[in-house]
Number of protein chains: 2
Amino acid sequence: MLTPINILKKIPLFSSLSESDQQNLTSLLRRKLLGKGEHLFRQGDEGTALYIIVQGRIKISLSKRADNVTLAILGQGEFLGEMALLDELPRSADAIALEETQLYILNRKDFLSFLAGNTHTVYAILNSLSRRLRRMDDQLAEMCFLNLSARLAKQLVELAETQNPGGDPKACDLNISQQELGNILGASRESINKELKILRDKGVVETSRNSIRILDLEALRKRMP
Amino acid sequence: MLTPINILKKIPLFSSLSESDQQNLTSLLRRKLLGKGEHLFRQGDEGTALYIIVQGRIKISLSKRADNVTLAILGQGEFLGEMALLDELPRSADAIALEETQLYILNRKDFLSFLAGNTHTVYAILNSLSRRLRRMDDQLAEMCFLNLSARLAKQLVELAETQNPGGDPKACDLNISQQELGNILGASRESINKELKILRDKGVVETSRNSIRILDLEALRKRMP
DNA sequence: TAATCTATGTGAATTTATTCACATTTCCTA
DNA sequence: TAGGAAATGTGAATAAATTCACATAGATTA
């Protein structure tokens, strides 16, 4: 069930909180609905809230660049805008709903006053941010030193795991266009297509419009060193 | 003068503390000296301390990879190992002294007990981590979408600005080898050399052993879109 | 349902960066 | 100060990915 408290438990930033802290935090949440293609916020906007995705998908992108860079596509249980809670800087990217999306909102003020009474939460957050920094160090190194074939394999595995947390080894459909994959991986649409052809010829994936079906997740794992 | 308190004032994480808080923190610091080439810590080590660089330079790198990736080169007034204070995970990279280096050490236990009495410091840290995350988002996008020429220009400008905070428009020497620049930018030593030749031919830089002299910072800025 | 739009598939030419193979230069030290 | 190690400089061959130029397929709507 997607109760607020169950949503909180899935968020690394909050999952280590005690049950009662989670209940308190839950009482501060408000709801919001977004239609497909609607902006949640734009680069440069003042940011004063954290959003938690209850249902649907949000794309984080830098549209100001000539190349349209996609930083992330977030789904159910993931959250965004958390940096606005921790510093006073404007939004560093755009956030757009890829489909009809339902969110919880947590305001900066509410969050900070919650923090003031929860030392434990503060340490949980420091811990969580620290892990994210470690992870980004890794990602940076990978972007830099892996070729497209390896990066694509890695991205597909990652998408499969987030869309299919059970770790089901069976077939799994990813709802993403080849253009979007290119935006995420910093590659052209055509290059993505050519890499997918190689995977298709080996029977690792099947492709169709706006969708990639993963047939052999293990084979993908072997391609990401 | 490089007294402990003057060092603290230069660190974004601590510069906003009151004079008395800075004095308290200073009393927790110990000294350490490292010779050129000496390891401060290695990937996988248990991490229990934060280090502040008083004098010298420390390289953070991932030597386990086939390609030797350099994540950062830190200098006077910068700090490292802070993630070990915030989570319990082992060191995620190697830290090596590039030259004779003098450090202050702040132990995890001491730091955490200091934090317990300094809410203000906690927020300063959250703020600082948040900014670093934003910066890494940018870096990731750049790595991905800028070509070597632009990335090199950007890196040179960045190095010039950190080594020369006054923003002096005059000539500026960077003490770094071409191999090291390659490790930072995810490029081969030869490619760096060829890009530098282009800049040299245009009179933008001069090169010599372990050193790049920037003659025209503005020209570099124009090359990084 | 025909027209249109969006997404995918593919080959050829081109660009970008790497690898390889040496020559040269600079620094350090035995 | 002679000899070796480390860093730089450069050309040629190779590999990786992009760009360009279409063809085809699937969805949407007028």
Side-chain angles (χ1 to χ4, degrees), chain A residues 36-37 59 65-70 98-99 142-156 173-202 204-213 223 225, chain B residues 35-37 59 65-70 96 98-100 142-156 173-202 204-213 223-225:
Chain A
K36 178 174 174 174
K59 175 169 84 166
R65 289 181 168 275
D67 312 277
N68 186 4
V69 183
T70 297
L98 290 178
E99 52 200 68
E142 278 158 12
M143 248 334 156
C144 208
F145 290 95
L146 297 187
N147 62 15
L148 182 54
S149 162
R151 297 211 308 280
L152 176 60
K154 197 167 156 40
Q155 185 67 42
L156 290 177
D173 284 321
L174 308 177
N175 297 308
I176 189 168
S177 73
Q178 297 180 8
Q179 178 65 68
E180 198 57 72
L181 266 177
N183 290 345
I184 292 173
L185 293 173
S188 69
R189 196 265 312 164
E190 295 92 330
S191 295
I192 297 291
N193 183 283
K194 286 160 192 169
E195 290 295 334
L196 284 175
K197 176 180 166 55
I198 295 170
L199 296 177
R200 214 162 44 220
D201 291 348
K202 298 191 187 224
V204 177
V205 302
E206 276 171 7
T207 60
S208 57
R209 190 188 179 87
N210 284 317
S211 168
I212 296 168
R213 167 166 294 172
R223 296 175 70 88
Chain B
K36 177 173 176 176
K59 173 169 85 165
R65 291 184 167 273
D67 313 278
N68 186 4
V69 183
T70 296
I96 307 170
L98 290 178
E99 53 200 67
E100 187 132 317
E142 278 157 11
M143 247 335 155
C144 207
F145 290 94
L146 297 185
N147 62 18
L148 182 56
S149 161
R151 297 211 308 282
L152 176 60
K154 198 167 156 38
Q155 184 67 42
L156 291 176
D173 284 321
L174 308 177
N175 296 308
I176 189 168
S177 74
Q178 297 179 9
Q179 179 65 67
E180 198 58 70
L181 266 177
N183 290 343
I184 292 173
L185 294 173
S188 68
R189 196 266 311 165
E190 295 92 330
S191 295
I192 297 292
N193 183 283
K194 284 160 192 170
E195 289 296 332
L196 283 174
K197 176 180 167 58
I198 296 170
L199 295 176
R200 214 162 43 218
D201 289 348
K202 296 190 188 224
V204 176
V205 303
E206 278 171 4
T207 60
S208 56
R209 190 190 177 87
N210 284 319
S211 167
I212 296 167
R213 168 166 294 174
R223 296 175 71 88
M224 39 178 273

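Chain identifiers are assigned alphabetically (A, B, ...) following the order of the sequence lines, protein sequences preceding nucleic acid strands; residue numbering begins at 1 within each chain. Reckoned from all heavy atoms, side chains included, excluding hydrogens, waters and symmetry mates.
- Note on A:Asn147: only backbone sugar-phosphate atoms sit closer than 4.0 angstrom, heavy atoms only; bases stay farther off.
- The residue B:Ser188 sits close to a base: some heavy atom pair falls under 4.0 Å.
- If you take CZ of A:Arg189 and C1' of D:dC20, they are 11 Å apart, rounded to a whole angstrom.
- Regarding A:Asn210, its CG atom lies at a distance of 10 Å from the C1' atom of D:dG26, rounded to whole Å.
- Within 6.0 Å of NZ on B:Lys59 lie more than 12 heavy atoms contributed by other residues, nucleotides or ligands.
- Of the side-chain N and O atoms in B:Thr207, one or more sit less than 4.0 angstrom from OP1 or OP2 of D:dG9.
- Side-chain N or O atoms of A:Arg223 include none that pairs as donor or acceptor with a backbone N or O of A:Ala153 at under 3.5 Å.
- Between the C1' atom of C:dA7 and the CG atom of A:Leu98 lies a distance of 16 Å, rounded to the nearest Å.
- Between B:Asn68 atom CG and D:dA7 atom P there is a gap of 12 Å when expressed in whole angstrom units.
- Rounded to an integer number of Å, the gap from A:Phe145 CZ to D:dA15 C1' is 18 Å.
- A:Ser191 comes within 4.0 angstrom of a base, heavy atoms only.
- Considering all non-hydrogen atoms of both residues, A:Gly186 and B:Cys144 come closest at CA-SG, 3.3 Å.
- For the pairing with B:Thr207, the side-chain hydrogen bond (donor to acceptor under 3.5 Å, both in side chains) check across B:Arg200, B:Lys197, B:Gln178 returns one residue only, B:Arg200.
- Residue whose closest nucleotide on DNA chain C sits further toward the 5' end, between A:Lys197 and B:Ser149: A:Lys197.
- Between A:Arg151 and A:Glu190, the one whose closest nucleotide on DNA chain D sits nearer the 5' end is A:Arg151.
- Contact check, A:Gln178 against C:dG9: a side-chain N or O comes under 4.0 Å of OP1 or OP2.
- Atom CG in B:Leu196 sits about 14 Å away from atom P in C:dA17, given to the nearest Å.
- Between the side chain of B:Arg209 and the base of D:dA6 there is at least one donor-acceptor pair of N/O atoms closer than 3.5 Å.
- For D:dG9, its base never sits under 3.5 Å from the side chain of B:Arg200 at any donor and acceptor pair.
- B:Leu181 has its CG atom 9 Å from the P atom of D:dT8, to the nearest Å.
- At the phosphate of C:dA17, neither OP1 nor OP2 sits under 4.0 Å from any side-chain N or O atom of B:Lys194.
- Following rounding to the nearest Å, B:Leu148 (CG) and C:dT15 (C1') show an atom-to-atom distance of 14 Å.
- When heavy atoms are screened at a 4.0 angstrom cut-off, A:Gly186 is found touching the sugar-phosphate backbone but no base atom.
- Atom CD of A:Glu99 is surrounded by more than 12 heavy atoms from other residues, nucleotides or ligands within 6.0 Å.
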